Amino acid sequence: MDSSERSNCFVDVLDKVMGSVCGKTKDEPKVHQKKILGKVVLIKKNVLDVTDVGASVLDRVHEIFGKDISFRFISATHCDAENGNKGKLGTEARLVDWVKKLTSLEAEDAATFDLQVDWDESMGVPGAFIVKNLHFSQFYLKSVTLENVHEHGQVHFDCNSWVYPAHRYTNDRIFFSNKIYLPGETPEPLRWYREQELINLRGNGKGALKEWDRVYDYAYYNDLGSPERGEDFARPVLGGTKEYPYPRRGRTGRRPNKKDPKTESRLPLLSLDIYVPRDERFSSVKFSDFIAYALKSVGQVIGPEILDVFNKTRNEFDTFEDVLRIYDNSKEVDLPDAAKLLKLRKSIPFELVRELVRSDGERFLKFPMPEVIQENLLCVAEDKTAWRTDEEFGREMLAGVNPVIISRLKEFPPKSNLDRQVYGNQDSTIKREHIEKFMNGLTVDEAIKCGKLYILDHHDALMLYLRRINTTTTKTYATRTVLLLQDDGTLKPLAIELSLLHEEGDQYGAISEVFTPCDEGVEAAVWQLAKAYAAVNDSGYHQLISHFLNTHAVIEPFVIATHRQLSVMHPINKLLHPHFRDTMYINALARQILINAGGVLETTVFPARYAMEMSSAVYKSWNFNDQALPQDLINRGMAVKDENQPHGLRLMIEDYPYAVDGLEIWSAIESWVREYCSIYYPTDNKVRSDSELQSWWTEVREVGHGDLKNEPWWPKMQTREELVQSCTIIIWIASALHAAVNFGQYPFAGYLPNRPTVSRRFMPKKGTPEFAELEKNPDGVFFKTITAQFQTLLGISLIEILSRHSSDEIYLGQRDSAHWTDDKKPLEVFEKFGSTLMKIEERILQRNKDSRLKNRTGPVKVDYMLLFPNTSGASQGGGLLTKGIPNSISI
C-alpha cells in the first residue's frame, strides 16, 4: 500500500473518531453519486454441450420474484472504520434484463449482461466485488468490466469461476481486479478480503466435500484399492510412510472403506463426478471432447472383439495383417474434400457430435492409422517394416515418446546400484566380446572415452518388483540395452541383456542372458523378441514413471499449495495458474478408472497390480532440482557444461531432437520467468519478506511432497534465482515435459507391435517346443509373447484418448484472456515470450527438413514435432496432433 492509500485510510478513521467524540467537526462533503456502466460476461449452467434449459427456466422464475444476481463493489482506496477498516462497500447493483435476454443453447457461448453501478466518486477505485447469486442454479462468471471509473478509466475483473447459489456458501464470493500486489503491498482496504479468501480456500479439513465447495486440501493416494472385493483388489496406501512415499493428491473427504479404514471408499467405476474444486473441472467443451473420444474408443474395441468370436485363436492376433485390420487404412477410402468437411463440422452446433465428424480423415469406429506405420504403408516402394529396424529402435530413445531415460555409459560393464546384501550381484553380464564385433572397429574403451556408448537401463527399477510381477500373467525381464553412437548421428543397438532374479533367492543375484543383433534365420526372430522385451520395460516405465509420476503426480501438490497460500492477486499465482488448468481433475479421473485396482493401466501394462507400488519406489529418489532439463541432461551424461555453447551445454549427441528442441523451450521459459519475476522482486529481500510465497514453498515441501521434506536438495526460497529456477521447473514439467511424454503415445505406441506393454511368455530356449515353434512361425510366437488382442485394443483406446488435444486447448505462450493483468510490463514481457516461441517453431521446421539430421525423421518418416509449441495457433481444433505444447497437464 502506498503512502496516499495509508493517508486516505487514516483520514477516514480520524474523521469517524472526531465525529463520535466532538460531533460534526466539518461540513460533510457533497456526495457525487455516479452511475458506472459495466458489462458482465457469464455462461449459464450446462449439461455437456447444452445449456440446462430447465435450470434456465427456474432462474427466470427466481428473477421474477426478485431473487436475482447482485454485485457490491469494494473500494481499493478508502477504508470503512465502522467495518473493521475494510474497504468501503458500494450499494448493490443487479444484472439487467436477465428475463428478457435470449441466450444460446450451446454451453460454450457466453452471454453479456449490462450492469449499472451507483458509485460514490469519493470512494475512489473499486478493487474487488462481492457477488450474490439468488438464482436456482450456478453460472460461470467469466469477467466483469467497469467503464469510466472516476480518474481511473476502465477497471477489469478476470473471474473465470463458477458461482453457486448463495445458500451453498458459508462465506461471500469475492473477486479481485486484475492488479497484482505482493502481500505487503496490498491496499489496506483489500487486505482483510485477501487474507480471508485464502482461509476459505483451505477449508477446515473435515467432512465430505461437495461440488460447490471451493476447498483445496491434501490426502494420500488411499483411494486406489477396493479391499471389499477381496485381497486381489486391496492396494497399499501411497504416501505418508517410508515404505510407500508419494506426492499428495486433492482431498475428497469420502468416508473410509468398511473393510479397511485406511482406504478411502470409492465411487461407482464409471462415475466421473469425483470431487475437485468446481473450477478445476473440465470446461463443457473439453468434457464433451472427452466423452466423445471415450465413446469412439469403446466402439473401436467392441467391433474387433465381436469378430474375434469367430476366430480360431481367441484373443490373439495371428499376423501383422490382423493388426492392420483394426485401423482406418485411408488409402482405401475416398475422403470428402477436406475444406467442405471442415465447413460441415463447423456448422454442427454441439461439440459432442462435432467431435465425431472429424475433418482430418478419421472415421467413426475405426482406429486412426498411427504415424509410426502410416507413411510406410502408404508408399508401396518403401519397406513396410521400417518400425522394426534397429535404427528406428534406437532413434525412438532420442525422439520417441520416452526420450528421457537413455544415458551415456561411463563404465563397462554397466554396474547396478542395488544393495548387494539384499539382491546379490546385479552387475551386467554384457562382455566386450558380445559387442565389439558390431562397433565399427572401435573398442569399448575407445567408445567410452569419446562418448559413443549409451544405455537404456531399466534393470534396477524393475528388479525390485520383478519376482512379484512374474507371479501375475506377466512374464518379463529386467533389461539393459547398450547402443553405439555412429558417425551419422544414429544409435546402433549392440546388445540387450534380459535378467531374472535367481530362483533360489534374491540374495543370489541375477540370472542374465545377452542377445546381439542378427538379421537372418531364427536368431533374427530371437533378436526381435529381445527388442520387444526391452520395449515392454520402456513402455511400462514410461507410463508409470516418466508420464504419471514425473508429471501428473508431482505437479498436483503445487496446484493445491498455490490456491491455498498464494492470493489471486499474487504475482506467482498469476504466473503459474495457467499451467495448472484441469490437472486436479484429470488426476482424479486417473485414480478412478486408470491406476486403480483392476483399472485400465493395471490391465494393459506389465507391472499389473504392482504398477503404482513400483512408481512409489522410484519416487524415493525423485529430486525437484533434477527435473530442470539442463540438469537432467547432465545427470544422464547426455550433456556437459560448456559456456561457449548455446544454453551453456554441449550435447554429447548433437542430433538428439528432444534435447535440442527442449533446451530452446527451456531457455524461453526461463527468460520469461526471469523477466517477469524481476518486475515484482527487484531484490532477494523481496523474496524473503513475501509471507505468502514463504508459506507456499513451506507447504509444498513439508506437506505436498512431505515424504521428502527432509531432503537437503530442496531450494530454500531465499533468493530471486531460487524463485526463478523453481518456477521455471514447475512450468517446464506442466507444459513441455508433459507434452514430450504424452502426445507421442498414439503416434508411436498406437501400433502395439512397436511398443508392446506386456509380455506373456519368456524367451524360448533352444531344444524346447517353443523354440521349434519360433523357427516355424516367428510372427506367431511374437504375437503370443506380446500384448494380447483385448489388452491391445483397450491399451490403444486409452492412449488414443490421452494423445488427443482438446478443441479449446491453450498452448504455451497463450492465455485464455488478454486481460489477465492490468500491469503493462508483464504483458509486454509475455508478448516477447510468445514471439520467441514462434521463432522456435520456425527453427524446428527447418531442422526437420535437414536430411543430415537423421534422428529428426527416422526410417518411419515421422518428424519430431512433440516440442513444437503451436503458440502461433496454426493447428487449432484439437485431435491427434503430434505438435503443440499445452500450458498444463490436462489429459
Side-chain angles (χ1 to χ4, degrees), residues 393-394 396-398 400-419 423 425-430 453-470 472 474-483 491 493-501 506 509-515 529-550 601 604-608 610-622 632 635-638 658 741 748-749 754-759 762-763 785-787:
F393 178 70
E396 290 184 21
M397 299 177 197
L398 303 173
V401 71
N402 195 27
V404 296
I405 304 300
I406 188 171
S407 60
R408 181 161 53 95
L409 195 56
K410 299 178 181 178
E411 59 180 351
F412 191 88
K415 296 282 196 298
S416 170
N417 292 318
L418 295 178
D419 186 347
Y423 294 99
N425 183 6
Q426 294 287 338
D427 293 344
S428 176
T429 61
I430 300 175
L453 277 186
Y454 292 82
I455 186 169
L456 185 71
D457 193 345
H458 291 300
H459 181 95
D460 285 4
L462 265 69
M463 270 297 179
L464 297 173
Y465 279 86
L466 192 59
R467 194 181 298 280
R468 281 172 281 179
I469 289 170
N470 282 338
T472 69
T474 293
K475 297 295 178 281
T476 197
Y477 301 91
T479 67
R480 292 184 177 105
T481 304
V482 175
L483 308 99
L491 287 174
L494 301 175
I496 296 173
E497 180 183 55
L498 307 181
S499 300
L500 293 170
L501 283 162
D506 294 357
I511 297 176
S512 304
E513 192 170 359
V514 178
F515 300 88
L529 281 177
K531 289 197 294 182
Y533 288 117
V536 166
N537 274 199
D538 198 57
S539 294
Y541 194 92
H542 160 262
Q543 200 63 269
L544 297 168
I545 313 301
S546 304
H547 183 202
F548 187 79
L549 171 62
N550 286 345
L601 203 67
T604 59
V605 177
F606 78 87
Y610 301 104
M612 292 302 291
E613 281 188 54
M614 197 176 89
S615 72
S616 168
V618 174
Y619 176 65
K620 292 177 181 179
S621 59
W622 184 79
D632 169 57
N635 291 348
R636 291 189 285 122
M638 303 302 290
Y658 164 74
V741 299
F748 288 103
N754 186 51
R755 283 186 67 80
T757 57
V758 171
S759 52
F762 290 123
M763 180 71 80
T785 300
I786 67 167
T787 321

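The structure presented is a predicted model; accordingly, all values stated were derived computationally and were not measured.
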For this session: Report the C-alpha separation of Leu498 and Phe762 in whole Å, then their side-chain angles, then the decisive distance to 0.1 Å, and conclude whether the side chain to side chain contact (heavy atoms under 4.5 Å, CB included) test is met.
Result: CA-CA 10 Å; Leu498 307 181; Phe762 290 123; over 6 Å; no
For this session: Give the C-alpha distance, both sets of side-chain angles, the deciding distance and a yes or no for side chain to side chain contact (heavy atoms under 4.5 Å, CB included) between Leu494 and Leu453.
Result: CA-CA 10 Å; Leu494 301 175; Leu453 277 186; 3.7 Å; yes
Exercise. Under the side chain to side chain contact (heavy atoms under 4.5 Å, CB included) criterion, do Thr472 and Phe606 qualify, and how do the steps go?
Worked result: CA-CA 9 Å; Thr472 69; Phe606 78 87; over 6 Å; no
For this session: Walk me through it: do Phe548 and Leu601 pass the test side chain to side chain contact (heavy atoms under 4.5 Å, CB included)?
Result: CA-CA 11 Å; Phe548 187 79; Leu601 203 67; 5.9 Å; no
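Side-chain contact check for Trp622 versus Asn550: some heavy-atom pair is nearer than 4.5 Å. No side-chain heavy atom of Tyr533 sits under 4.5 Å from any side-chain heavy atom of Ile496. At least one side-chain heavy atom of Tyr477 sits under 4.5 Å from a side-chain heavy atom of Met763.
Using the six-membered ring where Trp is involved, His542 and His547 have ring planes that are parallel, under 30° apart on the 30 and 60° scheme.
Atom CZ of Arg408 sits about 11.5 Å away from atom CZ of Arg636, to the nearest 0.5 Å. If you take CG on Leu464 and OH on Tyr423, they are separated by 4.5 Å, rounding to the nearest 0.5 Å. Considering CD1 of Ile786 and CZ of Arg755, their distance stands at 12.5 Å, rounded to 0.5 Å. Taking CG from Leu466 and NE2 from His459, the interatomic distance works out to 9.0 Å, rounded to the nearest 0.5 Å.
Using modelled atom types, one side-chain atom of Asn537 and one backbone atom of Thr479 make a donor-acceptor pair closer than 3.5 Å. With Thr474 contributing its side chain and Thr476 its backbone, the two residues share no donor-acceptor pair below 3.5 Å. Between the side chain of Tyr541 and the backbone N or O of Ile405 there is no donor-acceptor pair closer than 3.5 Å. Formation of a donor-acceptor pair under 3.5 Å by the Gln426 side chain with backbone atoms of Asp460 is not found in this model. In this structure a side-chain-to-backbone donor-acceptor pair under 3.5 Å is missing from Ser615 to Leu544. Between the Ser759 side chain and the Lys475 main chain, a donor and an acceptor come within less than 3.5 Å of each other.
Residues Ser546 and Val741 approach most closely at O-CG2, 3.8 Å, considering heavy atoms. Shown here for Leu398 and Met638, the closest heavy-atom pair between the two residues is CD2-CE, 4.3 Å. The minimum heavy-atom distance linking Phe393 with Thr481 is given by the pair CE2-CG2, 3.9 Å. The minimum heavy-atom distance between Leu483 and Leu456, with the atom names listed, is CD1-N, 4.2 Å. Smallest separation of non-hydrogen atoms from Met463 and Ser499: CE-CB, 3.5 Å. When all heavy atoms are compared, the tightest approach of Val514 to Ala495 is CG1-CB, 4.0 Å.
Donor-acceptor pairing under 3.5 Å is lacking for the side chains of Thr604 and Thr757.
Under the 4.0 Å criterion applied to side-chain N and carboxylate O atoms, Asp457 and Arg480 are assigned as salt-bridge partners.
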